[in-house]
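The figures that follow rest on heavy atoms only: side chains count, while hydrogens, waters and symmetry mates do not. Every number for a ligand or one of its atoms is a count from 1 in the order of the listing.
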Amino acid sequence: MGKATGFMDYERQTANERDPLERIHDWKEYSAPFSDEVAKTQGARCMDCGTPFCHIGTDIAGATSGCPIYNLIPEWNDLVYKGKWKEALDRLMKTNNFPEFTGRVCPAPCEGSCTVAINDPAVTIKNIEQKIIDKGFEEGWIEPRIPSHRTGKKVAIIGSGPAGLAAADQLNQAGHSVTVFERADRAGGLLTYGIPNMKLDKDVVERRIHLLKQEGIDFVLNTEVGKDISANTIKQDYDSVILCTGAQQHRDLPLEGREAEGVRFAMDYLTRSTEKLLDDQVKLEQELNAEGKDVIVIGGGDTGADCIATALRQGAKSIVQFGKHPQLPIKRAEENQWPAYPQVFSLEYAHKEAKAAFGEDIRQYSIQTTKFVTDENGKLKELHTIDMKKTRDENGIFVFEELPGTEKVWPAQLVLIAIGFQGAEQPVLDAFDVQTTNHKVNAMYGDFRTNVEHVFAAGDVRRGQSLIVWAINEGREVACHVDEFLMGQTTLPSVANM
Ligand SMILES: Cc1cc2nc3c(=O)[nH]c(=O)nc-3n(C[C@H](O)[C@H](O)[C@H](O)COP(=O)(O)OP(=O)(O)OC[C@H]3O[C@@H](n4cnc5c(N)ncnc54)[C@H](O)[C@@H]3O)c2cc1C
Ligand code: SF4
């Protein structure tokens, strides 16, 4: 339970962030893990509340509240406080295949529903999670777990993001022979090409992939299923197939001037930038290099924030981020009470960096782009906007209204569209004849079967663009169902029997 009076004795402390003005000159992770001592005092703040809401893992008003993989948070907080690191690691690994990813980049819905957070700053759960797993690797406690028996059953997993990797890990440990097909040149999905290096070092991703390979999982890279290898071949060659192909179908902004050189999708920008970072031989298109440019990021979410941090490191002249919604309140609003995810104003790592570099918060709220304008060579030169007002209509639905007279013109040579994703990419789903609704595969959570015999689906391809922790949840859960389908029973853990 931590220390009985820990939540009164100690202040909340988060991991040390490097100086923003220093870190924008490199691509290393922006924060350093806790020391042993700090982790212990922070673990001591866990108050043994009796009914820990930190791991309820559910949606409240459209946002996740509590940990979706039901991490045994109070147990490992207590073990960390007592210095029992190895035991803490064992408890952590019971529910989370990849704490080194969530400990770094999870938005920590557990902290929003921590009981201490009712009237005090929450326990720093995420940073403690990272500390436990990083220590596990440092101490050599994480070793390949080679399954002692093989069932003779073969499973193909399409897509190597966190959902595919979690499913592969579970099914491999159950003794099945698992092959992961990935169209990119490296495994990891958005962990590798999406989330930038300064949030999640690619060596950390590679270390886990290496471990999974040592444990017997086969990775087939540079192979797009449905194009380089047919869906029928996969269906014939494997006893079961799991689609974990993500939800990376872009949402576009089809405005006047959209075809201008210099208007690109955020994902193209982030992917190419990481490819270049990982391989110096890769040439970054001039169009996608922010150096010396006025950059505008359209979209107020996390993908947009990752674009800001990337553009800063490339040496952008100026950066502005547009959001459609008004600025969030400083404190929880009446309709956003604990244990719901706190919808409050925050400065993300990228916003802190931009503020340090440019002297002010670079976000513009309640603003809408109306057109892109090019020079005589078809290159973007400016972007036009109008301010918006967010109100509710007579049915209580939010509507956005343009405010005449608020039109503005912004100089820009690079615009990055980061307004979310439509959902799953269709070609691979068509190749398998899998049915979809609103760009998501029709497969019920808790069953995960598609309409096609022995083909399952999990992760963003099923639920839409979400979080790594949900992808891990779905990977673990689909593994239970596939194991049961193959063997008639399963002993794999499931949130359903926790
Ligand atoms: C820029 C960005 C930043 C994000 N930051 C965070 C964050 O900080 N924290 C967080 O919790 N979540 C974050 N997310 C969301 C999170 O990354 C996703 O929810 C998660 O990665 C989904 O996992 P997945 O395995 O379902 O799919 P993905 O990670 O999308 O992986 C799908 C994989 O399938 C492969 N694939 C697709 N089609 C085929 C095919 N036909 N053949 C072979 N392979 C194929 C793709 O190449 C890809 O590697 C972020 C998302 C984006 C876009
Ligand atoms: S995975 Fe995310 S929600 Fe779960 S304990 Fe870790 S930081 Fe919290």
With the criterion set at N/O pairs under 3.5 Å, what does the list of contacts between the protein and ligand 1 look like, atom names and distances included?
unit_1, atom_1, unit_2, atom_2, d
ligand 1, 8 (O), Val105, O, 3.2
ligand 1, 8 (O), Lys199, NZ, 3.0
ligand 1, 9 (N), Val105, O, 2.8
ligand 1, 11 (O), Ile468, N, 3.0
ligand 1, 19 (O), Asp460, OD1, 3.3
ligand 1, 19 (O), Asp460, OD2, 2.9
ligand 1, 19 (O), Ser466, O, 3.2
ligand 1, 19 (O), Leu467, N, 3.4
ligand 1, 25 (O), Pro162, N, 3.3
ligand 1, 25 (O), Ala163, N, 3.0
ligand 1, 26 (O), Asp460, N, 2.9
ligand 1, 29 (O), Leu190, N, 3.0
ligand 1, 30 (O), Gln248, NE2, 2.9
ligand 1, 41 (N), Val225, O, 3.1
ligand 1, 42 (N), Val225, N, 3.0
ligand 1, 44 (N), Arg183, N, 3.2
ligand 1, 47 (O), Glu182, OE2, 2.6
ligand 1, 47 (O), Arg183, NE, 3.2
ligand 1, 49 (O), Glu182, OE1, 2.6
ligand 1, 49 (O), Glu182, OE2, 3.1

Practice prompt. Classify the side-chain pair Thr102/Asn96 by whether it contains a donor and acceptor separated by less than 3.5 Å.
Written response: yes
Worksheet item: Can you name the residues that come within less than 4.0 Å of ligand 2, going by heavy atoms only?
Response: Cys67, Asn71, Ile73, Thr102, Cys106, Ala108, Pro109, Cys110, Ile125, Lys126, Glu129, Val469
Item to complete: Establish, for the pair Arg186 and Tyr193, whether the NZ or CZ atom is under 6.0 angstrom from the six-membered ring centre and no further than 45 degrees off its axis.
Response: no
Practice prompt. Please check if the side chain of Glu139 supplies one atom and the backbone of Trp141 the other of a donor-acceptor pair under 3.5 Å.
Written response: no
Discussion item. For Asn473 and Tyr445, which I'm curious about, is there any donor-acceptor pair between the side chains at under 3.5 Å?
Written reply: yes
Worksheet item: Do Thr450 side-chain atoms and Phe456 backbone N/O form a donor-acceptor pair below 3.5 Å?
Response: no
Worksheet entry | Minimum-distance pair of heavy atoms, taken over all atoms of Ser160 and Ala187 | OG-CA, 3.3 Å
Discussion item. I'd like to know if the side chain of Lys440 and the backbone of Gly464 have a donor-acceptor N/O pair within less than 3.5 Å.
Written reply: no
Discussion item. Assess whether a salt bridge exists between Lys28 and Asp203, defined as any Lys/Arg side-chain N lying under 4.0 Å from an Asp/Glu carboxylate O.
Written reply: no
Worksheet item: For Tyr238, is the NZ or CZ atom of Lys154 found under 6.0 angstrom from the centre of its six-membered ring and inside 45 degrees of the ring axis?
Response: yes
